[in-house]
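We name chains A, B, ... by the order of the sequence lines, and we start the count at 1 in each one.
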Amino acid sequence: MDQTRRNVLKAGGSAGLLALLATAGMLRSEAALAADWNQNAFGAKNLKDAFDALGAANRTQSADIAMVAPEIAENGAVVPIGAVSKIPGTESIAILIAKNPTALAASFDIPAGTDPSVSTRVKLAQTSDVHILVKANGKFYETKKEVKVTIGGCGG
Amino acid sequence: MADPMRIRAMAKDGEVVVKVLMAHEMETGQRKDSAGKPIPAHFIQHVSATWQGKVVLSANWGTAIAKNPFLEFSFKGAKKGDKIQITWTDNKGDKRTDEATIN
């Protein structure tokens, strides 16, 4: 990920800077969106590589992250997953599935004013641990839960 | 062009709860067709929600998000009658923006 650009965007919220970036075509352009998409993290074939690509090699287990996930998912193609972080200063929430072909499923940026709580539906190739990774104040926190799948989600 | 999203945004107790259903195949690239050829990946990579020009949620997705993706989140500050826009972009550059009124 283009860490410098991120920091610049975060640090300098001034309209002037934003206007400058927009003029330079760096803001919200297709290229910017594509650059934001972390190819290394989303392409990672296993959990460790995905965590490393997200810069989250060091993580703290936290009881302040609540995961809403079924014990048993009958259909791995549609598994509802919700994540709520009670950690102050939550900046982002990511969902990772240990045994999927690519581990990282989604990463949500949480701006100030938005609740650190998201829900979506994911695919599970097989019974697997589902991890929620929370970034808060530059540190990473994690919780996990096993979801059993009776029919896989990847078909074929 | 993809089908419109279904967006419901409801103001409740000082917060706005937003639920979105997008119409998208979310093809993983892992599957094969009946002839045994791999079906190329086709999935939403980026989703963002804006309210009054401010981004209230930004998400990057991989192929593990289920077909016809569902997303729920909530944020503070908006009121009934305000508009919210949701935009997604997929890995083939397709893009769709829909707007809903908060009620």
Can you tell me which of [options] forms the most heavy-atom pairs within a distance under 4.5 Å of chain B?
| options | value |
| --- | --- |
| A:Pro116, A:Ala103, A:Ala94, A:Ser107 | A:Ser107 |
| A:Val118, A:Asp115, A:Val79 | A:Asp115 |
| A:Gly82, A:Ser92, A:Ser119, A:Pro80 | A:Ser119 |

Greater than 12 external heavy atoms within 6.0 Å of [X]'s [atom1]:
| X | atom1 | result |
| --- | --- | --- |
| A:Lys48 | NZ | no |
| A:Gln61 | CD | yes |
| B:Asp33 | CG | yes |
| B:Lys80 | NZ | no |

Can you hop from [X] to [Y] via hydrophobic side chains spaced under 4.5 Å?
| X | Y | answer |
| --- | --- | --- |
| A:Val84 | A:Val122 | no |
| A:Ile87 | A:Phe140 | yes |
| B:Leu57 | B:Leu21 | no |
| A:Met67 | A:Ile110 | yes |

Closest contact, heavy atoms only, [X] versus [Y]:
| X | Y | result |
| --- | --- | --- |
| B:Ile65 | A:Lys123 | O-CE, 3.1 Å |
| A:Ala77 | B:Ala66 | O-CB, 3.2 Å |
| A:Thr120 | B:Phe70 | OG1-O, 2.6 Å |
| B:Val56 | A:Pro111 | O-CD, 3.3 Å |
| B:Asn60 | A:Phe42 | O-CZ, 3.3 Å |
| B:Ala64 | A:Ile97 | CB-CD1, 4.3 Å |

Side chain, backbone, both or neither: which part of A:Ser117 has a heavy atom under 4.5 Å from chain B? backbone

Measuring heavy-atom distances to chain B, does A:Ala41 have an atom under 4.5 Å in its side chain, in its backbone, in both, or in neither? neither

d(B:Gln45 CD, A:Asn38 CG) to nearest 0.5 Å is 11.0 Å

Do the non-hydrogen side-chain atoms of A:Asp109 and B:Val55 ever get within less than 4.5 Å of each other? no

Counting only non-hydrogen atoms closer than 4.5 Å, does B:Ile44 touch chain A with its backbone (N, CA, C, O), its side chain (CB onward), both, or neither? neither

Chain A contact via B:Lys54 - which portion, at a heavy-atom distance below 4.5 Å: side chain

Do the ring planes of A:Trp37 and B:Phe43 sit parallel (below 30°), tilted (30 to 60°) or perpendicular (above 60°)? tilted

